[in-house]
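Just below is one structure, and these are the notes that go with it.
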Amino acid sequence: DVKVTQSSRYLVKRTGEKVFLECVQDMDHENMFWYRQDPGLGLRLIYFSYDVKMKEKGDIPEGYSVSREKKERFSLILESASTNQTSMYLCANSGRGTETQYFGPGTRLLVL
Amino acid sequence: EDQVTQSPEALRLQEGESSSLNCSYTVSGLRGLFWYRQDPGKGPEFLFTLYSAGEEKEKERLKATLTKKESFLHITAPKPEDSATYLCAGVYNQGGKLIFGQGTELSVKP
């Protein structure tokens, strides 16, 4: 089975803190994605990566950065957390040349 | 701009009452249409991929179909455990990003 794990299910941080969200997949998939999901706005793509050390901006990259040092690991970084970054964060992955994405369990982040 | 739109936003059914969820999409350039199930507080779970008009896929009480301009998720004799939000998504370039609809929240009462 495809397994995607995220470092935390729930996280509470203070405004201005640097936040790291980590995603690990064990399927040897090349493509990895970070989304955020908000009521009424659906899933929105933040960043994605097609290979190690590669990254591309999605639809809403402002206030975020990413790191992909190893194939199986894709990290989302909130440089200086703000209250409008309170959301559910979802990591996904897919194989090279395929479109089916498999999602992790999500991290619910609250920024106070 | 490529778009995916789902209807209705919410659907309440009695156990055993069959119905359909709709997903309409920007036609030009669609490479694939996906259906996911999402339970509260969890990540989306992959259900089906459809690639061409006329294609159908089935899994238990669910059947997904694709026409030239929309997709349907048919639910036959639903049970309370089918209650979830169902998401539809389209992909418009190879290996590219999914564009999600807003989802349909399905509630099945016993």
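So that the names make sense, note that chain A is the first sequence line, chain B the second, and so on, each numbered from 1.
The CG atom of A:L90 sits 13.5 Å away from the NZ atom of B:K42 when rounded to the nearest 0.5 Å. Annotation: the span from B:T49 atom OG1 to A:Q101 atom CD amounts to 10.5 Å, rounded to 0.5 Å. Within the model, atoms CG of B:L98 and CZ of A:F33 stand 7.0 Å from one another, a figure rounded to the nearest 0.5 Å.
A distance-only check finds no donor-acceptor pair linking the side chain of B:R31 to the backbone of A:E99 [under 3.5 Å]. Judged purely by atom type and a 3.5 angstrom limit, A:Y102 has no side-chain atom pairing as donor or acceptor with the backbone of B:E45.
The number of heavy atoms from other shown groups lying within 6.0 Å of CZ (B:R61) is above 12. Within a 6.0 Å sphere centred on CD of B:E105, other residues, nucleotides and ligands contribute 12 heavy atoms or fewer. Sparse packing is recorded around CD of B:E9, with 12 or fewer heavy atoms of other residues, nucleotides or ligands lying under 6.0 Å away.
The contact between A:Q37 and chain B is made entirely by side chain atoms (from C-beta outward), counting heavy-atom distances below 4.5 Å. For a residue to count as touching a neighbouring chain, one of its non-hydrogen atoms must lie under 4.5 Å from one of that chain's; by this rule B:Y51 touches chain A with the side chain only. For B:L87, the part lying under 4.5 angstrom from a heavy atom of chain A is the side chain only. Of the two parts of A:R44, neither the backbone nor the side chain holds a non-hydrogen atom closer than 4.5 Å to a non-hydrogen atom of chain B.
The aromatic ring centroids of B:F100 and A:Y35 lie less than 6.0 Å from each other.
A:T100 and B:Y36 make their closest contact through C-OH, 4.4 Å (heavy atoms, listed as atom of the first residue, atom of the second, distance).
Among the candidates A:C91, A:G106, A:P105, the residue making the largest number of heavy-atom pairs closer than 4.5 Å to chain B is A:P105. Top candidate by heavy-atom pairs under 4.5 Å with chain A, chosen from B:G103, B:G32, B:G101, B:G41, is B:G41.
Linking Ile, Leu, Val, Met, Phe, Trp and Tyr residues whenever their side-chain heavy atoms come within less than 4.5 Å leaves B:L30 and B:F72 in two separate clusters. Hydrophobic cluster membership differs between A:L45 and A:L109, with clusters built from Ile, Leu, Val, Met, Phe, Trp and Tyr side chains linked at under 4.5 angstrom. No chain of hydrophobic side-chain contacts below 4.5 Å, direct or via other Ile, Leu, Val, Met, Phe, Trp or Tyr residues, connects A:M88 to A:F74. In this structure, A:V111 is not a member of the same hydrophobic cluster as A:F20, with clusters built from ILVMFWY side-chain heavy atoms closer than 4.5 Å. B:V4 is connected to B:L21 through a chain of hydrophobic side-chain contacts under 4.5 Å among Ile, Leu, Val, Met, Phe, Trp and Tyr, so both are in one cluster.
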